[in-house]
Amino acid sequence: MEISTTASTATVDDARLAEILENPGFGQHFTDHMFTVEWTPDAGWHAARIEPYGPLTLDPATSVLHYAQEIFEGMKAYRHEDGSIWSFRPEENAGRMVRSSHRLALPVLEVPDFIQAVDELVKVDQRWVPDAAGEKSLYLRPFMFGSEAFLGVRPSQHVTFMVIASPAGAYFKGGIKPVSLWLTEEYTRAGRGGMGAAKTGGNYASSLVAQQEASAHGCDQVVFLDGQEGKYVEELGGMNMYFVYDDGHIVTPEVGTILEGITRSSIIELAGKLGHQVEERKFSIDEWRDGVTSGRITEIFACGTAAVVTPVGSLKWAGGEVPCASEGGEVTTQVRQALVDIQYGRAEDTFGWMHRIV
Ligand code: PLP
Ligand code: COI
């Protein structure tokens, strides 16, 4: 893919950048540039460009605004001790975006083009990648949307793919402490044949009211159960889940209607290497309640690109509560450490997961 670059003449100055990188928060500040490429049936992908970050002008009839034909990815660029910059398994994000495009009737952006787009933006905005201290990173948000101005309900004949980037610290305010969960029994995020496995904005739109319910009950995050039987644990609004047993084996809900998290699949491999047997299977809410009560479940954690690996505390629902599985979180800490050590280049990358950008 040929990419033209127009450098910004209004880049954030060094003093302000240092201030932002000191305490970036999550998703609040954006780099100096953005990547865009457009698609039409006749021309295919064309007009790839990096240009100054700024607002888009959209016709009010733009299809994504009406029918939500949109998909996105979430990944990070990490700076290593020696100053080099790396992404983590970018071909997995690119591959998942291909699967999401099939589900949302969007055109396929080939894996190498996706990776090139991300890499080129990171290269141009490399001063925005925080240094390794404090486990900060540059969060990357590739996304694709129907950009044709047309109100008929059919796949958009003009599609835009973009990448924006935002320096990131901890996703949760207060750093690594257990998140409390609310079990929603009213709302589900996915059904059979639905979009649960696709990373599409609609799934997040539908999760917001459940997240509001969680907040109203004093909980940090919401847990969704399967839509058919209301019995099996699926995932959180933006994270996959893991349950650790007292004999060291670990269970994670099987894929199907959940997002196939790249952190999730990496942890399956990492935990195996650390000597844990990992089961991917249906996991019922009763197993959760009973396992914590009996002490057989010793730790619960959630994982995702933004949240990394986060211990899970208590679980509340309309009729009751189960406490935090354990305060110690030895396996959670071990898995988290093994993962971030690879991402920040402090441990040997035996899986070949890291991709050098700069
Ligand atoms: N589940 C949902 C609904 C998510 O939004 C995310 C975040 O991307 C995940 C799981 C974790 O996926 P990954 O590890 O690829 O970031
Ligand atoms: C991610 O972890 O990348 C996510 O997309 C979760 C959330 C920010 C939507």
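As a basis for the values below, the full set of heavy atoms in this structure was taken, side chains included, without hydrogen atoms, waters or symmetry mates. Both counts, for ligands and for their atoms, begin at 1 and track the order of listing. For this chain, numbers begin at 1 and follow the sequence in order.
- Residue contact check: Tyr204 has heavy atoms under 4.0 Å from atoms 9 (C) of ligand 2.
- For atom 12 (O) of ligand 1, the nearest protein heavy atom (residue, atom name, distance) is Gly261 CA, 3.3 Å.
- The closest protein non-hydrogen atom to atom 1 (N) of ligand 1 is Glu235 OE1, 2.5 Å.
- With respect to atom 7 (C) of ligand 2, the closest heavy atom belonging to the protein is Tyr171 OH, 4.0 Å.
- Residue contacts with ligand 1 for Lys199 involve side-chain atoms from C-beta outward but no N, CA, C or O (heavy atoms, distance under 4.0 Å).
- Close approach of ligand 2 to Lys199 is summarised as follows: ligand atoms under 4.0 Å from at least one heavy atom of the residue are 4 (C), 5 (O).
- Here is the list of ligand 1 atoms found below 4.0 Å of a heavy atom in Asn240: 9 (C), 10 (C), 11 (C).
- For Lys76 and Tyr139, the positive end is not near the middle of the six-membered ring at less than 6.0 Å and at most 45° from its axis.
- Contact annotation: Arg96 has at least one heavy atom less than 4.0 Å from an atom of ligand 1.
- No side-chain N or O of Asp286 forms a donor-acceptor pair with one of Ser284 less than 3.5 Å apart.
- Among all non-hydrogen protein atoms, the one lying nearest atom 16 (O) of ligand 1 is Thr305 OG1, 2.6 Å.
- Considering backbone and side-chain N/O atoms, Ala306 comes within less than 3.5 Å of an N/O atom of ligand 2.
- Note on Arg96 versus Glu73: salt bridge recorded, some NZ/NE/NH1/NH2 to OD/OE distance being below 4.0 Å.
- Residue contacts with ligand 2 for Met239 are absent, since no atom lies close enough (heavy atoms, distance under 4.0 Å).
- A centroid separation of 6.0 Å or more is found between the aromatic rings of Phe161 and Trp39.
- Nearest non-hydrogen protein atom to atom 6 (C) of ligand 1 is Gly238 O, 3.2 Å.
- Taking a 4.0 Å cut-off on heavy atoms, Arg141 registers as neighbouring ligand 2.
- Ile115 and Val122 fall within a single hydrophobic cluster, where Ile, Leu, Val, Met, Phe, Trp and Tyr are joined by side-chain heavy atoms under 4.5 Å apart, directly or via other members.
- Asp220 and Ser180 share a donor-acceptor pair across their side chains, judged by distance under 3.5 Å alone.
- Below 4.0 Å from some heavy atom of Arg189 lie the following atoms of ligand 1, by number and element: 3 (C).
- Taking only non-hydrogen atoms, the option from Phe72, Phe26, Tyr139 nearest to atom 1 (C) of ligand 2 is Tyr139.
- When the options Glu2, Glu120, Glu38 are evaluated for a side-chain hydrogen bond (donor to acceptor under 3.5 Å, both in side chains) with Arg49, the one that passes is Glu38.
- Thr11 and Asp32 share no side-chain donor-acceptor pair at under 3.5 Å.
- Note: an N/O pair closer than 3.5 Å links Thr263 and ligand 1 by distance alone.
- Aromatic ring centroids of Phe243 and Phe301 lie 6.0 Å or more apart.
- Which parts of ligand 2 touch Thr305 is read off a 4.0 Å heavy-atom cut-off, strictly below it: atoms 2 (O), 3 (O).
- When each of Trp86, Tyr78, Phe88 is paired with Tyr344, the ring-ring contact (aromatic ring centres under 6.0 Å, His included) condition holds for Tyr78 and for no other.
- The Tyr204 neighbourhood of ligand 1 comprises atoms 2 (C), 3 (C), 4 (C), 5 (O), with distances under 4.0 Å to a heavy atom of that residue.
- Between Ala306 and ligand 1 there is no heavy-atom distance shorter than 4.0 Å.
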